[in-house]
Structure formats: C-alpha cells, structure tokens
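A short worksheet on the structure shown next.
All values below come from the heavy atoms of this structure, side chains included, with hydrogens, waters and symmetry mates left out. Numbered from 1 within each chain, the chains take letters A, B, ... in sequence-line order. Computed from a predicted model, the values in this text were never measured in an experiment.
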Amino acid sequence: MNSGIDLQGTFINSLQDLGLPPGISKLLWMPLPMILMVIGATVGLLVLVWLERKISAAAQQRVGPEYAGPQGSLQAAVDGLKLIFKEDIIPAKADSALFTIGPILVILPVFISYLVVPFGQNLIISDVGLGIFLWIALSSVQPIGLLMSGYASNNKYSLLGGLRAAAQSISYEIPLALAVLAVVMMSNSMSTIDIVQQQSGYGILGWNIWRQPVGFVIFWIAALAECERLPFDLPEAEEELVAGYQTEYSGMKFALFYIASYVNLLLSAIMVTVLYLGGWESPIPLDRLAGWLGQPETNPILQVITASAGILMTLFKTYLLVFLAILMRWTLPRVRIDQLLDLGWKFLLPVALVNLLVTAALKISLPFAFGG
Amino acid sequence: MQLQYFLLAAAALFCIGVYGLVTSRNAVRVLMSIELMLNGVNLNLMAFSNYLDPAVIRGQVFTVFVISIAAAEAAVGLAILLSIYRNRNTVDMEQFNLLKW
Amino acid sequence: MNLAEGVQLVSFIILTVMMLGAALAVVLTPNIVYSAFLLGAVFSAMAGLYLLLNASFVAAAQILVYVGAINVLILFAIMLVNKREDFAPVKYAWTRKIVTAGVCGGLFLLLGTTIITTPWGINNTAAAGDEAIYILGEHFFTDFLLPFELVSVLLLMALIGAIVLARRDIIPDLIDVATGEDLKLPERPRELIPAGSVDADEVT
C-alpha cells in the first residue's frame, strides 16, 4: 500500500541530521501538527462564517457583507476583533465561576476532536485506534458545558435553552453512534485512517455512501441536530428563547460559543466526508492514474501532489456538505421540541438499528463488498 | 508506577462514596455517592486488569459491565426520585420513611 | 526512572489529586448543582487514570457513558427537583457524621494495610493496548456471552422502568380496558399556572 507523504518521519530525520537526539526531535515535532490544526480549524471557521453569510444573503436576495476585504471575505475576522474588544459582562446574579467555565467546556472537546481528522495517509495528528469513537465520546461532553452556562446565567431562557440542548444532544447521539457503528463494522476498525482506506481503490464507486445510503441520511440528520443547526436549532430558537443559553453572554465568551458551533459544524461535515464520502480519496483513483503514467509511488513530486490533492478533496467535500447545511437552513422550518424528540427516538433510532442489522447480514452474506 | 497506588486511590474514592451515601440528606447526592463507589470499584478492576492480567483483560470486561449497570441504575434511581418528589414534594432523605413499617 | 515513567507518575498524581479532591467536594459542598458538575470532573479524571492503565476504549466509554449520559441525567434531575429547601435539622446529626467518618477512615486504613501487605503476583506481559478492543469483543461473544446478553435485557428493562416511573400519574378511568385497542396511557394534564403569579417554591 502506498503510504504517501510522511512529514513526521522526514522532519525527525532532518533534525537528527542536524545533530539533535531522537527524543528531542520527536518532542519538537509534537506541537507542530496541533498548532497547524488549530490554525487550520480557525481559518476554516472564518471561511465558513463568510460562506454562511454570503449564501444566506443570496438565499434572501441580499448582497451580504461587502466592505471588509474583497467580497467581504474579512468580515468574520473583523467580527472576531470586535468581540475581543467588547466588554465582558457577567450578570450580577449569575454564578460567575460556572458562567466562565461553561463556554470553555463547550469549545474544548470540539478542538480536541480534530486529533482524529485525517487529510491523508500520514496527514493526521494522531492515528489512535479509537478514532471515530473518540469523537463520539468527546462530543458528548458538550451538553455539560451548555447546561452549565444555561444554569449559571440565572435566566429562564438560558436554563430552558441549556436543558433543550442537553436533551437534544443525548437523544441524537444514539442514532449517530449506531450509524457510525455500521460503518465501523464494515471497515473492521474504528481508526479514521482505516475507514478511508477501506473505501479506497475504486474511486467514487467505492465510497461508503453507496453501501450505507440509509446510514448516511441518519448520520447527516443526527449530525445537524448535534450541531444545533436549523431545522434543529431549538436550544437557541430566537422566537421562543431569545438566544437560548447564549442570552446573557457577551464579548469573548459569546465568541467561544459562536466559534464552537461553527467549528463543530465543520467537524461534522469532515466526519461525514471521512465516513461516507471517501475522505481524501478523489473520485478518480489518483494512484492508478499515476500507475498508467508510469510514475513510481515513491516519486517525491507525485507524493506532494497526491497529498495536496487529498487535502483539497477533503476540504472540497466538506464545504460542499456545509453548503448543503446552509441551504437546508434557509429551506426547512424549525421543528417543535416534541417533533424533534419523536423524530429522534421513534424514527431515527429504529431505522438506525435496522440499518445496523441489515449491514451485519450483508457483511456475512456478501463479504467481498461489505468488508468481510 | 505501581499497582498499590491505583488500589489506594480506588479505596479512598470508595470510602468517600460510603461517607457521602450515609451522611447526605439530598437524595440526588446519595445517587451521586453511589456512582462514586461504583467508580472506585471500576478503578480497582482496571488496575488488576492492567497489572495482573494484561493479556486477557478480564478486568476491562467487568468494568464495561459495571458501566452499563451504572447507567441503568442512574436512570431508574432518578426516575424513582422524580416520582417521590412529585408525591412528597421534597428530596430530603429523612422524609422518605414510607417503607418504615 | 526514565522520562516516560516520570510523566506517568506526574500525571497519576495530578489525576488522583483532581479525582479525590473533586470527590470530596461532591460529598461536602452544600450546593447540589456544584457537586453534580464536580462529579463530571471525577469521571473525567477517572478516564485519565484508565488511559494510564492502557485501556483507551474503556476510557472513552467512561467519558461517553458517565460524563455524557449519567452526569447529564443527574443534572437534569437536579434542574427538575431543584427547590431551595432547608432541611429540617435532625437531632444528633453531627454524631452520625463523626461516626460515619470514623467508620470510613477505618475502612480505608483496613483496605490500605491489606493492599500494602498483600504480595501481588504482578504479571509483566506487555499490555494489550489498542488490541484491547478486539480482545474485549472476543470476550463478549465467547466466555462472557451470557452476562452480555443479560446486561442488554437489563438495560431494556431499565429503559422501560424509568419511563413508567417518571411519567406523570396515569388516569385509569380514561383507559378503555374493554376494547383494549387504545394502547396510549393518557397523562394527567399539568395544572396551568397563570402568568405573573410568583410561586416562591417553583422559582429557583
């Protein structure tokens, strides 16, 4: 198997050539991908916010942000700057400790989850065996932060928003995990790298979406609900709850919620890409193309090209899904809380269970196609 | 790193749980103390699994069982608590003397 | 002691202090909401300790089930029954506390001496690590199959039991027993509170 570009090995080797001991050079490598990933997530967030505002504007026949930067593309950065300079208000009757910890608890798990996001065979911070399960486990920490900030705000709307967020998050975690389980069953591994590997080789035809169409739909609905996107944005439904758990927040603490929700949307889109759309694989298998052109797999230029193509493909698919999410935001009306819970428990959960069972049966009967 | 450190930590956690279980008057805190005790037991099992049985890891199997039982216990316990709260309008353990006689 | 062991020891100390401190606070703080959030800290520290014990799967399961489900459930229950009530003082409550503390301290001493004096047969085989997931799966479907299935039935029972217990009172008159067709259990409607009424008990 072509292992592709190996930045870590190259970096450590070159440092050792400079005369550093191996332990130190590994230690020097460790923070680099993390910093890169945090920067990448933040830039992705800025792009995402700009896209959301532009596409929303287009959906409503407006122009949208225009003045900050070309086509208003710096609008999100400017907004961030404004939020940094805003006064950080803690309401008088609020519980200041919990009020401060809440947003941190909301944003931390999202950024930690980027540990398992793969952009290529070796372009991942840490290929832990748990992979996708780590993401599911970490995303279940978020409702605690939401409940905490909802409670600490000492405001009815905030508390209701926090409770709704927690209820929604617990309910939709189950179908989400069951949909992931079906994919994990097919690839015999929870590692994100292995899940993409199992889809590779046949271009677009090998992707999981053809083998798991039901799972894809369940996962997408559940992921939207986990991210609290419309049509599932009940915790912050403006018409009912002012702004839900964010009502009392201002300045950077509000920005933390804002960043967390958008980075989480980006993360969910990436996970859909990894699980169902072949991750960094191109629709036409690049390895074979290179093989026909007579290039060896170890050719360094080819490796750089495939690695960048992988990153570009992942981002392209991710932003396509984000575009879909934004379109859904302006197309679908918000569901009521009882409809939301009915959809989760009475429809998605049984369907996800049946999907899991069918996948298991197909895996036994058709082992060549469903990863026996 | 030694097995004994983990076992001592687990024993301390268990004892804290017992103390909370007996002295708490809020019924929710009693449930939380039970969770603490279960966690102490879990830590014990995991330490044994890693130090005495690292290849077969039966301790981890039992920990997973304990975790699922704890989930069931929490759900039923809190449901009972809610229905008691509706009937007696309090969560004070001293007031729950329905089954005394 | 090499670097890896030093890091392990330091993280063990940090996690243990965090776990025991948070656990003590869970039991001792007067504010029940704080103790519920601190319980989450205890669970997270436990997950960290599991990682030190080479059990990444159980650590993730701990986060998922304990922090993500049980702790949220407890918080929900607190928010539902959170009434600022002052418990009526009980006579000799302090004796109970002292006696319990003594018993717990004694229990800890007893356990501690047992732990330290017992010669443990440490097995130095390499830990399973990431393979642990596969080994766990094998256990569940071979030698621990019966308990595994029993746990699944127990979870189903707990699910149904919790729903039955937690719903509002059922009105027996409205259930049509004769036909048996209507399988719905009508709930007693909640009394409506007029807007603007201040009920000191309900407002927290």
Side-chain angles (χ1 to χ4, degrees), chain B residues 1 3-9 11-13 15-20 22-26 28-29 31-33 35-36 39 42-43 46-47 49-58 60-61 63-65 67-72 74-76 78-83 85-86 90-92 94, chain C residues 5 8-9 12 16 19-20 23-24 26-27 32 35-36 39 42 46 49-50 53-55 58 61-62 65 69-70 73-74 77-78 80-81 85 87 90 96-97 100-101 104 107-108 111-112 115-116 120-123 125-128 132 135-136 139 144 147 151 154-155 158 161-162 165-166:
Chain B
M1 289 305 285
L3 172 62
Q4 281 89 336
Y5 299 163
F6 283 99
L7 294 186
L8 282 175
L13 190 61
C15 293
I16 293 173
V18 173
Y19 178 79
V22 178
T23 55
S24 298
R25 294 195 54 189
N26 193 325
V28 183
R29 205 191 298 263
L31 282 172
M32 289 197 263
S33 305
E35 297 297 340
L36 286 183
N39 264 290
N42 274 352
L43 187 56
M46 296 292 286
S49 161
N50 188 43
Y51 285 97
L52 308 182
D53 187 22
V56 194
I57 54 167
R58 272 166 293 215
Q60 291 194 24
V61 178
T63 308
V64 173
F65 283 140
I67 288 179
S68 35
I69 304 274
V76 176
L78 290 171
I80 292 175
L81 178 75
L82 272 187
S83 73
Y85 176 74
R86 274 202 209 104
T90 177
V91 286
D92 186 1
E94 298 293 333
Chain C
E5 277 179 16
Q8 276 190 9
L9 190 65
F12 172 78
T16 312
M19 177 184 82
L20 292 182
L24 271 177
V26 166
V27 174
I32 187 79
S35 65
L39 193 66
V42 177
M46 293 288 295
L49 286 175
Y50 291 171
L53 290 168
N54 300 312
V58 184
Q62 166 94 7
V65 178
I70 295 183
L73 203 63
I74 287 176
I78 289 172
L80 286 178
V81 301
E85 62 173 330
F87 296 135
V90 177
R96 179 166 66 180
K97 282 191 178 157
T100 320
C104 288
L107 184 65
F108 178 69
L111 286 172
I115 288 164
I116 290 168
W120 301 102
I122 302 283
N123 186 339
T125 332
I135 303 176
L136 273 179
H139 277 306
F144 290 101
V151 164
L154 180 91
L155 280 177
L165 281 171

- From CA spacing to verdict: side-chain contact (heavy atoms from CB on, under 4.5 Å), C/Leu39, B/Leu36: CA-CA 8 Å; C/Leu39 193 66; B/Leu36 286 183; 3.8 Å; yes
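Expressed to the nearest 0.5 Å, how far OG1 of C/Thr16 lies from CG of B/Leu13 amounts to 10.0 Å. The distance from the CG atom of C/Leu24 to the OH atom of B/Tyr19 is 9.5 Å, given to the nearest 0.5 Å. A distance of 6.5 Å separates CG in C/Leu53 from CG in B/Leu43, rounded to the nearest 0.5 Å.
If you measure heavy-atom distances from C/Ala69 to chain B, you find no contacts under 4.5 Å at all. Heavy atoms of C/Leu111 lying under 4.5 Å from chain B belong exclusively to its side chain. Contact of B/Thr63 with chain C is made through the side chain alone, with heavy-atom distances under 4.5 Å. For a residue to count as touching a neighbouring chain, one of its non-hydrogen atoms must lie under 4.5 Å from one of that chain's; by this rule C/Val151 touches chain B with the side chain only.
Of all heavy-atom pairs between C/Ala23 and B/Ile16, the closest is O-CG2, 3.7 Å.
Under the ring pair (Phe, Tyr, Trp, His ring centres under 6.0 Å) criterion, C/Phe144 pairs with B/Phe62, C/His139, sequence neighbours left out. Qualifying side chain to side chain contact (heavy atoms under 4.5 Å, CB included) partners for C/Ala61, counting only residues two or more places apart in sequence or in other chains: none.
For the set C/Cys104, C/Ala162, C/Ala132, the entry with the most heavy-atom pairs within less than 4.5 Å of chain B is C/Cys104.
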